[in-house]
Amino acid sequence: MFTTVLIANRGEIALRIARTCREMGLRTVAVYSTADRDSAVVRFADRAVHLGPAGARASYLHIPSIVEAARLTGAEAVHPGYGFLSEDPDFAEICQANGLTFIGPPPHVMEQLGDKSVARRMMAEAGLPVLPGSVGAVRSPGEARETAARTGYPVILKAVAGGGGRGMAVVREPADMATAFQETRAHARAVFGDERLYLERYVDGARHIEVQVLCDTHGNAVHLAERDCSVQRRHQKLIEESPAPNLPDPLRRDICAAAVRGALAVGYVGAATFEFVLAPDGSFYLMEVNCRLQVEHPVTEMVTGIDLVREQLTIAAGEPLTLRQDAVKPRGVAVEARINAEDPDRGFLPTPGRLTEFFPPGGPFVRVDTHAYPGWPIGPDYDSLLAKTIAWAPDRDQAVARLDRALAEFCIEGPGVCTTTGYLRRTLADPRFRAGRHTTGLVAEMAAEAAALAAR
């Protein structure tokens with residue numbers, strides 16, 4: 001096992017990783033931009049190294065600075081968290097070339113799975129169901145229309161290098177393809193530096209089910225059950241839970257087994273999330289594989305009692321999994337809500353500002369992952385996530401009620417600062433969510449209903 005870990009990230013995930021490292025007796029190195037010089041992880045870590053100005057390209061995405069920080073502090077391993085460089089195979093390869101253990105899959109596996117069109121082909125070869133669509137990238141609106149004609153509308157265009165719910169567009173009519181193609185390609189070029197798109201059939205009324213998988217370097221793999229992430233706004237997850245409600249046990253077993261089979265087929269190492277579309281008829285299809293820790297990983301930790309960051313660290317150190325599939329026994333229900341500094345009444349516009357009050361909730365079986373505190377400045381340079389609130393209970397009704405209570409208890413104030421807390425509570429109260437019968441269309445349905453009510 002290495003002794004010092006550099007955390008190549010910021011915010012709540014950097015602090016969350018540092019806490020597990022401390023519990024394991026590992027020294028931590030935080031890296032930070034000028035905007036984050038007073039961040040919680042900088043105060044918590046054993047060492048902290050300034051990377052550069054606030055802009056991510058000059059700090060958290062600047063690989064030479066991160067490698068130099070590791071060299072200066074004697075770090076032997078790098079944990080990338082999620083976002084930023086977490087799924088960059090070049091960064092993983094550069095870490096290896098500089099004698100640093102990258103806490104994630106091998107670079108070549110990450111490169112293959114990071115190319116969504118390649119990943120689709122590999123998973124299909126491994127026997128996983130994939131949605132009908134393009135074999136590789138589609139190069140023009142005309143080619144996209146031809147593929148959609150074979151696939152059938154509606155379809156969804158996706159960035160080959162995409163992730164985090166960005167770089168997607170649903171197309172329902174041939175006449176809309178050209179505009180959607182050009183706009184999505186421009187977005188993909190700007191965000192991912194790769195303008196390639198692929199196309200697959202879009203399933204209306206679907207649910208988003210994902211499976212957490214752990215694989216070691218000795219050929220062992222286990223799944224830690226599934227999560228339902230169907231509450232989404234523009235493909236961005238808002239509320240996640242485990243286990244998925246109203247999922248028949250045979251279907252649950254099939255989805256989880258497919259994820260393990262896919263991970264072993266590509267020689268995966270580390271923590272991965274296999275994301276599936278579950279159609280109304282009960283058929284399921286692989287969407288993508290995320291080669292990193294997920295934002296919503298706490299719900300899995302709450303129902304299994306397994307620290308995913310600890311598992312990532314021991315796997316990266318070459319140790320075999322101590323978990324066996326028959327020993328993974330999820331208990332109860334956990335539900336997570338992401339609190340963002342955004343204004344739901346203005347199209348979820350980010351609301352930067354300085355926090356004057358920040359008092360997270362407490363009580364039994366409530367977990368809050370956050371980096372914020374009174375006086376913390378919410379800047380415009382990074383993601384607007386302020387906190388994740390997770391509640392556990394023996395059953396779903398109690399878990400949802402506990403999460404609602406916790407959100408009501410949360411106090412976040414600051415000039416100009418708005419949060420999504422009230423919106424999340426309204427979502428939890430929606431009858432479709434309460435019944436566990438919601439789909440990925442829930443947020444759009446709620447918006448349409450609110451607009452119709454306002455128009456009366």
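- Applying the salt bridge (Lys or Arg N to Asp or Glu O under 4.0 Å) test to residues at least two apart or on different chains, the pairs with a partner in residues 104-117 are Asp115-Arg196, Lys116-Glu288.
- With hydrogens and angles disregarded, no donor-acceptor distance shorter than 3.5 Å links the side chain of Ser283 to the backbone of Ala279.
- Checked by atom type, the side-chain pair Asp36/Tyr60 shows a donor-acceptor distance below 3.5 Å.
- The main-chain N or O of Gly52 is found under 3.5 Å from a side-chain atom of His50 such that the two form a donor-acceptor pair.
- With His297 as the partner, the side chain to side chain donor-acceptor pair (under 3.5 Å) test is satisfied by one option alone out of Glu336, Arg16, Arg227: Arg16.
- Between Tyr373 and Phe358, the gap from one ring centroid to the other reaches at least 6.0 Å.
- Remark: side-chain polar atoms of Arg120 are paired, donor with acceptor, to backbone N or O of Leu131 under 3.5 angstrom.
- Of the options Arg207, Lys237, Arg396, a salt bridge (charged side-chain N to carboxylate O under 4.0 Å, His left out) to Asp228 is made by Arg207 and by none of the others.
- Although no hydrogens or angles enter the test, the distance criterion places a donor-acceptor pair under 3.5 Å between the side chain of Trp392 and the main chain of Arg331.
- Between the side chains of Tyr382 and Ser33, a donor-acceptor pair is found at a separation under 3.5 Å.
- Judged by distance alone, with hydrogens and angles left aside, the side-chain atoms of Gln212 form no donor-acceptor pair with the main-chain N or O of Glu226 at under 3.5 Å.
- Between the side chain of Asn98 and the main chain of Ile94, a donor-acceptor pair closer than 3.5 Å is present.
- Formation of a donor-acceptor pair under 3.5 Å by the Arg292 side chain with backbone atoms of Ser86 is not found in this model.
- Looking at Glu87, its side chain does come within 3.5 Å of a backbone N or O of Cys291 through a donor-acceptor pair.
- For Ser230 (side chain) and His208 (main-chain N/O), a donor-acceptor pair under 3.5 Å exists by modelled atom type.
- A donor-acceptor pair shorter than 3.5 Å cannot be found between the side chains of Asn340 and Thr420.
- Screening Arg367, Lys388, Arg19, Arg338 for a salt bridge (charged side-chain N to carboxylate O under 4.0 Å, His left out) involving Glu12 leaves a single residue, Lys388.
- The closest donor-acceptor contact from the side chain of Thr304 to the backbone of Pro330 lies at 3.5 Å or more, if one exists at all.
- Taking the six-membered ring wherever Trp is involved, the centroid distance between the rings of Phe348 and Tyr423 falls below 6.0 Å.
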